[in-house]
Amino acid sequence: MRKAYIAGNWKMNMTPGKGAAFASELAKAAKDAGADVKIMVAPPFVTIPAVIDALKGSDIIVAAQNMNDHKSGAYTGEVAPEMLKDLGVNTVILGHSERRSYYGETDEFINRKVLLAIEEGMDVVLCVGETLEEREEGKLEEVLSAQLSGDLMNVSAEAMSHITIAYEPVWAIGTGKTATPEDADSAHAFIRSFVAKLYSSDIAENLIIQYGGSVNASNVKALMAKENIDGALVGGASLSVEKFLPIITYNK
Ligand code: PEP
C-alpha cells in the first residue's frame with residue numbers, strides 16, 4: 001500500500017520570517033484537521049532553518065529544492081548535501097523543470113546529484129515531465145524514458161526506496177492548466193512500467209509517483225483517485241494555508 005505523499009515547493013517565495021509564521025500556521029491547521037498523508041515543504045535554502053524551528057514537534061518534512069553535485073569545494077553560491085543534513089534536511093527535490101529550463105540542468109548533471117544524495121543517505125523527489133511541444137509531437141514516452149534512464153543511471157535497486165518520482169508536465173506548471181486525471185494516470189502508469197523494466201515489478205509497485213502541475217483544492221480529489229497517482233507536488237497552491245489545507249486533507 002503506497003502512502004499518499006503531498007509536497008509543497010515554495011520556489012523563490014517566503015522569507016525566513018514569513019516561512020516560519022506560515023509553517024506554524026500550517027502545522028496547526030494540519031493537526032486540527034487530522035491530516036493523515038505524508039506532508040513535505042521545500043522552502044528556499046535561507047528559509048529552511050526558521051521553518052525547521054517552527055515545525056519542531058510536527059511530522060511535516062522539510063526538504064531542499066536543490067543541492068550541488070559535489071560534497072564541498074570551490075563552487076561559489078552553491079549548497080552541499082552535508083550542509084543540508086547538518087540542518088536536519090534529509091530530502092531534496094532534484095530535476096525540477098525550472099532548473100532544467102532556466103539553469104540548463106541536464107539529465108547527466110541531475111544524475112550526479114541523485115547519486116550524491118543517495119550516497120549521503122538522503123531521500124530524493126525526482127521531477128520528470130514533457131514540454132507541450134514534446135507532448136504534441138507524440139514524444140511523451142520517449143522523453144520520460146530518456147529522463148528516467150538518464151537521471152537514475154547507476155542508482156541501485158536498494159536505493160530506489162529513497163526515490164519518489166514527480167511527474168510534472170512542463171506545460172501544466174504554474175499555468176493553471178492541469179493534465180486530466182486520465183492523462184496524468186496514463187503517464188504515471190508508463191513511468192511505473194518503465195521502472196519495472198529498469199528494476200523490478202516489486203520496486204515499481206512500491207514507487208511513489210506524485211503528480212505536479214497546477215494542483216489545487218478543486219482537482220486534487222479526482223487526481224488522487226487514480227490508481228497510479230500517489231501524491232502531489234504543489235507549487236502555487238502550497239503558499240497559503242487556505243489553499244494547501246484542502247489538498248493535504250483531500251481524503252477527509
Ligand atoms: C511545481 O512547482 O512543481 C508546480 C507543480 O507548480 P504549480 O503547482 O504552481 O503548477
Side-chain angles (χ1 to χ4, degrees), residues 4-14 18-19 22-23 26 37-45 47-48 51 60-67 89 91-103 105 107 110 113-114 117 123-132 134-135 140 143-144 147-148 151 163-181 183-185 187-188 191 208-224 226 228-250:
Y5 183 9
I6 309 245
N9 173 15
W10 293 2
K11 310 195 187 191
M12 200 173 71
N13 296 290
M14 302 272 192
K18 283 184 187 157
F22 170 63
L26 178 66
V37 301
K38 181 172 167 183
I39 305 168
M40 173 262 261
V41 294
F45 289 131
T47 300
I48 287 176
V51 170
I60 299 177
I61 297 164
V62 182
Q65 298 172 19
N66 187 28
M67 60 172 228
V89 172
T91 305
V92 62
I93 298 173
L94 295 175
H96 192 279
S97 70
E98 286 155 14
R99 302 244 22 119
R100 291 177 189 261
S101 65
Y102 302 153
Y103 304 102
E105 293 199 4
D107 289 314
I110 293 162
K113 298 203 250 189
V114 172
D123 293 334
V124 173
V125 175
L126 172 65
C127 305
V128 295
E130 81 290 2
T131 62
L132 187 56
E134 289 163 341
R135 171 168 279 258
L140 171 68
V143 170
L144 293 179
Q147 290 176 336
L148 289 168
D151 301 345
I163 304 273
T164 294
I165 301 286
Y167 168 62
E168 300 209 302
V170 177
W171 48 271
I173 299 178
T175 57
K177 290 183 198 149
T178 325
T180 63
D183 282 348
D185 191 52
H188 283 220
I191 292 169
I208 301 289
I209 309 177
Q210 298 172 328
Y211 168 77
S214 301
V215 173
N216 59 40
S218 329
N219 57 29
V220 64
K221 267 193 189 140
L223 287 161
M224 290 300 292
K226 290 293 177 190
N228 285 291
I229 302 182
D230 311 312
L233 179 53
V234 186
S238 73
L239 295 171
S240 79
V241 172
E242 190 195 349
K243 290 185 177 157
F244 200 44
L245 187 65
I247 298 176
I248 57 177
T249 54
Y250 76 91

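For ligands, and for the atoms within them, numbers begin at 1 and follow the listed sequence. Sequential numbering from 1 along the given sequence is applied to the chain's residues.
Considering only heavy atoms from C-beta on, Gln147 stays 4.5 Å or farther from Leu126 through its side chain. By the 4.5 Å heavy-atom criterion applied to side chains, Ser97 and Ile173 are counted as neighbours. Side-chain contact between Ile93 and Leu233 is present, with at least one heavy-atom pair separated by less than 4.5 Å.
Although no hydrogens or angles enter the test, the distance criterion places a donor-acceptor pair under 3.5 Å between the side chain of Ser214 and the main chain of Ala172. Counting only distance, with no hydrogens or angles, the side chain of Glu168 and the backbone of Gly129 share no donor-acceptor pair below 3.5 Å.
Here the protein heavy atom with the shortest distance to atom 2 (O) of ligand 1 is Lys11 CE, 2.6 Å. Given atom 10 (O) of ligand 1, the protein heavy atom at minimum distance is Gly174 N, 2.6 Å. Remark: minimum distance from atom 9 (O) of ligand 1 to any protein heavy atom is reached at Gly236 N, 2.8 Å. In terms of protein heavy atoms, atom 3 (O) of ligand 1 is closest to Glu168 OE2, 2.6 Å.
Between Gly213 and ligand 1, a contact under 3.5 Å exists for no N or O pair. Taking any N or O of Thr175, backbone or side chain, none lies under 3.5 Å from an N or O belonging to ligand 1. Between Gly235 and ligand 1, a contact under 3.5 Å exists for at least one N or O pair. Polar contact check, Glu98 against ligand 1: no nitrogen or oxygen pair lies under 3.5 Å apart.
Atom NZ of Lys243 has 12 or fewer neighbouring heavy atoms from other residues, nucleotides or ligands inside a 6.0 Å radius.
Considering every non-hydrogen atom in both Val62 and Pro43, the closest pair reads CG1-CD, 3.8 Å.
The residue Cys127 has no part lying near ligand 1, judged by heavy-atom distances below 4.0 Å. The parts of Ile173 lying near ligand 1 are both backbone and side chain, judged by heavy-atom distances below 4.0 Å. With a heavy-atom cut-off of 4.0 Å, His96 touches ligand 1 through its side chain alone.
Between Tyr167 and Tyr211, the ring planes are tilted. Angles from 30° to 60° get that label.
Every atom of ligand 1 with a heavy atom of Ala172 under 4.0 Å away is listed here by number and element: 10 (O).
Using modelled atom types, one finds no donor on one side chain facing an acceptor on the other under 3.5 Å when comparing Lys18 with Asn13.
Ligand 1 lies less than 4.0 angstrom from a heavy atom belonging to Ser214.
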